[in-house]
Structures are given as structure tokens and as C-alpha cells.
Protein chains: 2
Amino acid sequence: MEEKIYTCPLELTQKILSKKWTVIILWLLRHGKVRTKDFKNQIKGSNEKMIIEHLNYLIEEKLIEKREYDVYPKKTEYVLTEKGKDLLPILELMQSYGKKYYVK
Amino acid sequence: MEEKIYTCPLELTQKILSKKWTVIILWLLRHGKVRTKDFKNQIKGSNEKMIIEHLNYLIEEKLIEKREYDVYPKKTEYVLTEKGKDLLPILELMQSYGKKYYVK
DNA sequence: CCGTATCCTCTGCGATACTG
DNA sequence: CAGTATCGCAGAGGATACGG
């Protein structure tokens with residue numbers, strides 16, 4: 001709908017990474033599927049609403065996919081798509097950088 | 001001052017990249033010093049205030065440094081610090097990713 | 001267990017105008 | 001040319017409560 005002027009492709013990747021909880025969600029998914037409650041337990045300082053909101057955003061962007069199982073209680077899992085997996089090398093560098101400069 | 005709970009070092013790097021114009025500013029600095037007006041000319045969709053604001057933020061975070069020359073008209077240049085240069089590999093991957101998925 | 005609906009706060013962003 | 005000062009707004013982020 002709305003056309004954005006951008007200087008270079010960098011900005012498009014930046015937009016994904018700019019949302020506060022997307023990075024950590026993708027990171028937790030690097031080894032395979034994760035359940036909703038596990039995100040809740042493992043992500044400090046967030047809350048359920050924010051996590052679900054970001055999960056939906058990531059689905060829209062086709063970075064992750066949802067798997068629902070019709071059991072009781074309800075069970076839902078998320079996995080990375082190829083597009084999502086392609087982000088992992090970036091996240092790994094971000095992790096190293098964070099360790100290098102911000103962890104004593 | 002304010003202690004933040006975080007899940008992993010990733011989040012600290014994420015915080016830098018989350019600001020809208022930092023990434024493109026650092027990117028323009030990858031080949032050496034850049035003058036204020038050149039940022040203005042080369043960054044589409046932004047404005048002077050935002051750029052200066054982000055430049056100051058990057059100085060606080062010690063990712064760039066300022067060089068002022070006392071001439072008329074005034075001349076100012078910015079350069080990457082080591083900490084800033086260490087971010088370049090990440091930006092390169094972000095650039096490739098952006099090209100791969102968002103440029104036809 | 002999973003997700004939605006409100007409501008409210010705060011700040012990032014942008015436009016504009018002005019100073020050295 | 002470089003930088004500051006105002007003002008305003010939209011939307012991200014967060015707390016809480018409810019529904020399937």
C-alpha cells in the first residue's frame with residue numbers, strides 16, 4: 001500500500017530487527033520448534049501479549065510458521081521458515097558482538 | 001542507572017540496530033569519514049534533526065567519533081571507532097539479506 | 001494452554017523554524 | 001554548514017483481564 005523511499009536494502013532487514021522481541025524469538029527457534037509457553041518462560045521482561053503480537057508479525061513476514069495440534073489442552077508450536085533460517089548467521093554475529101562488548 | 005533484565009547478549013546488539021537511522025549511518029561510514037551534509041544528501045526519507053540525533057546517540061555508544069575543524073563555514077566529520085567497525089560484518093550480512101528477499 | 005481485547009503511557013519520529 | 005528548540009502525533013510497548 002504505502003510506498004516507502006529507502007536508501008538501500010539494509011533498511012529492509014533493519015526493519016525486521018528493529019522490533020523489540022523478534023530477535024530473541026528467532027534465536028530461541030534456531031534449534032527447532034518451540035511452544036508458546038516456552039517463549040513465555042524463557043524471555044525475560046516481556047509478557048504474553050507482546051510475544052503473541054511478535055509471533056504474528058513474524059508469521060506475516062513469513063519468517064516463521066505455526067503448527068497447531070488439536071488436543072486438550074491446546075498445543076501450538078512455531079518453526080523457522082527458510083527465510084527465517086537465513087537470518088541466523090546475522091543473529092550469531094549479533095550474539096558474539098553483544099558478548100564482546102557488553103558482558104564482563 | 002536503570003538495570004534492565006535481559007535474556008541474552010543478543011538483545012544488547014539489537015538495541016543498537018533497532019534505532020531507525022543508525023544502521024544506514026554506520027553503513028555510509030564504512031569506507032571512511034563522512035560529513036554531516038553528506039548524510040543529509042544520501043539518506044532518503046530522513047531529516048537533519050533525526051540524523052544529528054542519531055549521530056549523537058552513536059557517539060554516546062562509542063560507535064563513532066566526531067572531528068571538528070574550525071573553519072568557515074564550519075566543517076565536521078564522523079568516523080567509525082573499533083567498536084563501530086566491528087559492527088560492519090553484521091551490516092554486510094543484513095545488506096545481502098535485504099537484497100535477497102526484498103529486491104527484485 | 002493459547003490467544004484476544006482494552007486501555008494507557010511514553011517516546012521515537014517528523015515538520016518547521018531559528019542560531020552561531 | 002552544523003546544530004538546537006518546539007511542538008505534535010502515531011504507534012510501539014506494557015499491564016491486566018477475559019474467553020475458547
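Everything quoted here is computed from the prediction, not taken from an experiment. Throughout, protein chains are lettered first and strands after them, A, B, ... in sequence-line order, and every chain is numbered starting at 1.
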For atom NZ of Lys20(B) and atom P of dG11(D), their distance in whole Å
11 Å
Residues of residues 33-40 of chain A with a heavy atom under 4.0 Å from any atom of DNA chain D, listed by number, are none
Check for me, please, whether Met50(B) and Ile52(B) land in the same ILVMFWY cluster - side-chain distances under 4.5 Å, paths through other members count.
no
Between Tyr57(A) and dG13(D), does any side-chain N or O lie under 4.0 Å from OP1 or OP2?
no
Give the minimum heavy-atom separation between Lys83(B) and Tyr102(A), together with the two atoms involved.
NZ-OH, 3.2 Å
When you check the gap from the basic side-chain N to the acidic O, do Lys15(B) and Glu11(B) get nearer than 4.0 Å?
no
Using C1' atoms of five pairs at each end, report the bend of the helix from dG3(C)-dC18(D) to dG20(C)-dC1(D) rounded to 10 degrees.
40°
Take atom CG of Leu55(A) and atom C1' of dT4(C), then tell me their distance rounded to the nearest Å.
14 Å
Does Tyr97(B) offer a backbone N or O that forms a donor-acceptor pair with the side chain of Thr13(A) under 3.5 Å?
no
What parts of residues 61-70 of chain B reach DNA chain D, counting only heavy atoms under 4.0 Å away?
Lys66(B)
Of the listed dC1(D), dA2(D), dG13(D), the closest approach to the His54(A) side chain comes from dG13(D)
For Trp21(B) and for Thr76(A), locate the closest nucleotide of DNA chain C by heavy-atom distance; then report the residue assigned to the nucleotide nearer the 5' terminus.
Thr76(A)
Indicate yes or no for a side-chain donor-acceptor contact from Thr7(A) to the backbone of Ile43(B) under 3.5 Å, with no hydrogens or angles considered.
no
Which pairs pass ring-ring contact (aromatic ring centres under 6.0 Å, His included) with one or both residues in residues 58-94 of chain B, sequence neighbours excluded?
none
Nearest whole angstrom, please: distance from the P of dG12(C) to the CD1 of Ile51(B).
17 Å
Does any non-hydrogen side-chain atom of Leu17(A) lie less than 4.5 Å from one of Ile90(A)?
yes
Can Val79(B) be reached from Ile64(B) by stepping across I, L, V, M, F, W or Y side chains whose heavy atoms are under 4.5 Å apart?
no
Search all heavy atoms of Ser18(A) against all heavy atoms of Gln14(B) and return the closest pair with its distance.
O-NE2, 3.3 Å
If you compare every side-chain N and O of Asn56(B) against the phosphate oxygens of dG3(D) (OP1, OP2), does one of them come in below 4.0 Å?
no
Considering only NZ, NE, NH1 and NH2 on the basic side and carboxylate oxygens on the acidic side, decide whether Lys62(A) and Glu60(A) come within less than 4.0 Å.
no
Taken to the nearest whole Å, CD1/Ile52(A) to P/dT16(D) is 18 Å
Taking 4.0 angstrom as the limit, do Glu68(B) and Lys74(B) come out as a salt bridge?
yes
Within the side chain of Lys20(B), is there an N or O that forms a donor-acceptor pair under 3.5 Å with the backbone of Ser46(B)?
no
d(OH, Tyr6(B); P, dG13(D)) in whole Å
20 Å
Full working for side chain to side chain donor-acceptor pair (under 3.5 Å) between Ser96(B) and Glu92(B)
CA-CA 6 Å; Ser96(B) 319; Glu92(B) 274 161 30; over 6 Å; no
Gln14(B) CD to dA12(D) P, straight-line distance once rounded to whole Å:
14 Å
Grab the NZ-P distance between Lys75(B) and dA2(D) for me, whole Å please.
10 Å
Starting from P on dT4(C), measure out to CD on Glu53(A) and report it in whole angstrom.
10 Å
Short N/O separations, protein against nucleotides 15-20 of chain C, under 3.5 angstrom:
none

Distance-only criterion, 3.5 Å: show the donor-acceptor pairs between side-chain atoms of residues 22-41 of chain B and protein atoms not counting sequence neighbours.
residue: Thr22(B); atom: OG1; partner: Ile16(B); partner atom: O; Å: 3.1
residue: Thr22(B); atom: OG1; partner: Lys19(B); partner atom: O; Å: 3.1
residue: Arg30(B); atom: NH1; partner: Trp27(B); partner atom: O; Å: 2.7
residue: Asn41(B); atom: ND2; partner: Lys37(B); partner atom: O; Å: 3.2

